[in-house]
Every structure is written in structure tokens, then in C-alpha cells.
Amino acid sequence: MALFDSFYISASGMTANRFWADLIANNVANMNSTGKPGDPNNLPYCRQVPVFAEILQQKVNVTPVPHGQGVQVTRLVRDNSEPQLVYDPGHPDANPETGYVAYPNINLLNEMVNLMAASRAYESNATVFEAAKSMAVSALEMGR
């Protein structure tokens, strides 16, 4: 492992977790984006979830086993769970026959827990980055 690998690995962790926090912010911001029940042209917002994957070296079948190079978001998954139906006949998106409005199925408590996890993971990666920087500076000072 090269001297600066830990910097790149920590940076990839901070980037991925910042992206996760951005997605959570988008989910929370759109939790009141409504849709009309039964209308495929007016659907409510769908919650998005990132899928994380380890970045591996491109070498395969090499001994010793290649080590990881960090993390990346490989794709976004839309949560296609059923929307919450709220009876509000005066809403512009209300179904004229039933009076129900479709809201995204976003649980604010789950989003806050995920935000705390993303925040702690970001802070952990920043701590690792600072420790690696301190080690590199100490190594450079030994050469004086």
C-alpha cells in the first residue's frame, strides 16, 4: 500500500457519505411532493437509496489478494413502496372520486437515523484522514 492510499480511501468514504447525506436531504425535502392516486402521469416522489460497493484494484487472481481502494456509490435504488393515502378532498392533487391524495412513503425517523449514520461515517473518515496526514508529516520530519 502506497503512502497516499489511505488519503484516497478516506476521501472516497467522505465523498460517498456526503452523497448519501445529499440523497437524504432530497428525500426529506420531497416528503410532501404529492401525486394523484391512480394517475400514472402524476405520481408522488419516490424515495432514493444509494448502494455502496467496495472499490477493488483491477487485478484479479493475483497473490496476495488485492486490497480495497475505498468505497463508491454504484447505483441509486428507488423505493417503490406504496404511497401514503391521505384524505384531503380540497387538495389540487386529490382524486375527484375518493378525495385521497398520494404522499411519498418517507418515514422521517428513518431518514434522520440514516443521516446520523452518514454523518458519523463521514466524521470517521475525516478522522482517519487526519491521522494519516499526521503520520505522513511525522515521517517527513524524521528525514530532516
Side-chain angles (χ1 to χ4, degrees), residues 1-140:
M1 186 176 273
L3 174 64
F4 297 109
D5 281 355
S6 57
F7 295 142
Y8 297 126
I9 292 169
S10 297
S12 73
M14 287 190 284
T15 301
N17 285 295
R18 183 193 49 79
F19 183 77
W20 189 17
D22 290 346
L23 276 181
I24 293 167
N26 193 41
N27 288 340
V28 171
N30 283 293
M31 68 183 298
N32 290 320
S33 298
T34 60
K36 188 176 285 187
D39 184 0
N41 296 324
N42 191 5
L43 297 173
Y45 173 77
C46 286
R47 179 176 174 258
Q48 295 177 328
V49 179
V51 176
F52 293 95
E54 180 182 12
I55 301 171
L56 293 174
Q57 287 181 332
Q58 298 302 317
K59 301 172 187 170
V60 179
N61 296 327
V62 175
T63 304
V65 176
H67 55 81
Q69 294 292 309
V71 66
Q72 65 182 353
V73 175
T74 56
R75 63 190 162 126
L76 294 177
V77 177
R78 295 175 68 114
D79 181 3
N80 290 323
S81 60
E82 290 294 318
Q84 291 179 315
L85 296 178
V86 176
Y87 183 73
D88 186 5
H91 194 281
D93 282 337
N95 185 322
E97 297 172 3
T98 62
Y100 282 96
V101 178
Y103 282 88
N105 195 4
I106 296 175
N107 184 333
L108 188 57
L109 183 62
N110 287 343
E111 297 299 321
M112 291 298 107
V113 169
N114 288 339
L115 182 59
M116 288 174 51
S119 176
R120 296 297 175 257
Y122 185 92
E123 289 174 9
S124 299
N125 281 294
T127 301
V128 170
F129 189 91
E130 280 295 319
K133 184 178 86 175
S134 176
M135 291 168 48
V137 168
S138 295
L140 289 172

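Worth saying up front: this structure is predicted, and the values here are computed from it rather than measured. All values below come from the heavy atoms of this structure, side chains included, with hydrogens, waters and symmetry mates left out.
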Verdict with supporting geometry, T74 and F52, side-chain contact (heavy atoms from CB on, under 4.5 Å) | CA-CA 6 Å; T74 56; F52 293 95; over 6 Å; no

From [X] [atom1] over to [Y] [atom2], what is the distance, rounded to the nearest 0.5 angstrom?
X: D5; Y: S10; atom1: CG; atom2: OG; result: 10.5 Å
X: N95; Y: D88; atom1: CG; atom2: CG; result: 12.5 Å
X: Y122; Y: T127; atom1: OH; atom2: OG1; result: 11.0 Å
X: N110; Y: N107; atom1: CG; atom2: CG; result: 4.0 Å
X: R120; Y: N17; atom1: CZ; atom2: CG; result: 12.0 Å

Name the orientation class of the two ring planes belonging to F129 and F7 (parallel below 30°, tilted from 30 to 60°, perpendicular beyond 60°).
-> tilted

Taking all atoms of both residues into account, what is the closest heavy-atom pair of [X] and [Y], and its distance?
X: P104; Y: M31; result: CD-O, 3.5 Å
X: Q84; Y: N105; result: CG-OD1, 3.9 Å
X: L23; Y: P50; result: CD1-CD, 3.6 Å
X: S12; Y: I9; result: OG-O, 2.7 Å
X: V71; Y: A16; result: CG1-CB, 3.8 Å
X: S6; Y: A132; result: OG-CB, 3.3 Å

Is atom CE of M112 surrounded by more than 12 heavy atoms (other residues, nucleotides or ligands) closer than 6.0 Å?
-> yes

Neighbour count above 12 (heavy atom, 6.0 Å) for Y100 OH | no

Okay, side chain of [X], backbone of [Y]: is any donor-acceptor separation there less than 3.5 Å?
X: N27; Y: Q48; answer: yes
X: S134; Y: E130; answer: no
X: N26; Y: D22; answer: no

pair [X]-[Y]: side-chain heavy atoms closer than 4.5 Å:
X: P44; Y: T34; answer: no
X: R78; Y: L76; answer: no
X: L85; Y: P37; answer: yes
X: V28; Y: I106; answer: no
X: C46; Y: D79; answer: no

Which pairs with one or both residues in residues 91-119 pass salt bridge (Lys or Arg N to Asp or Glu O under 4.0 Å), sequence neighbours excluded?
-> R47-E111

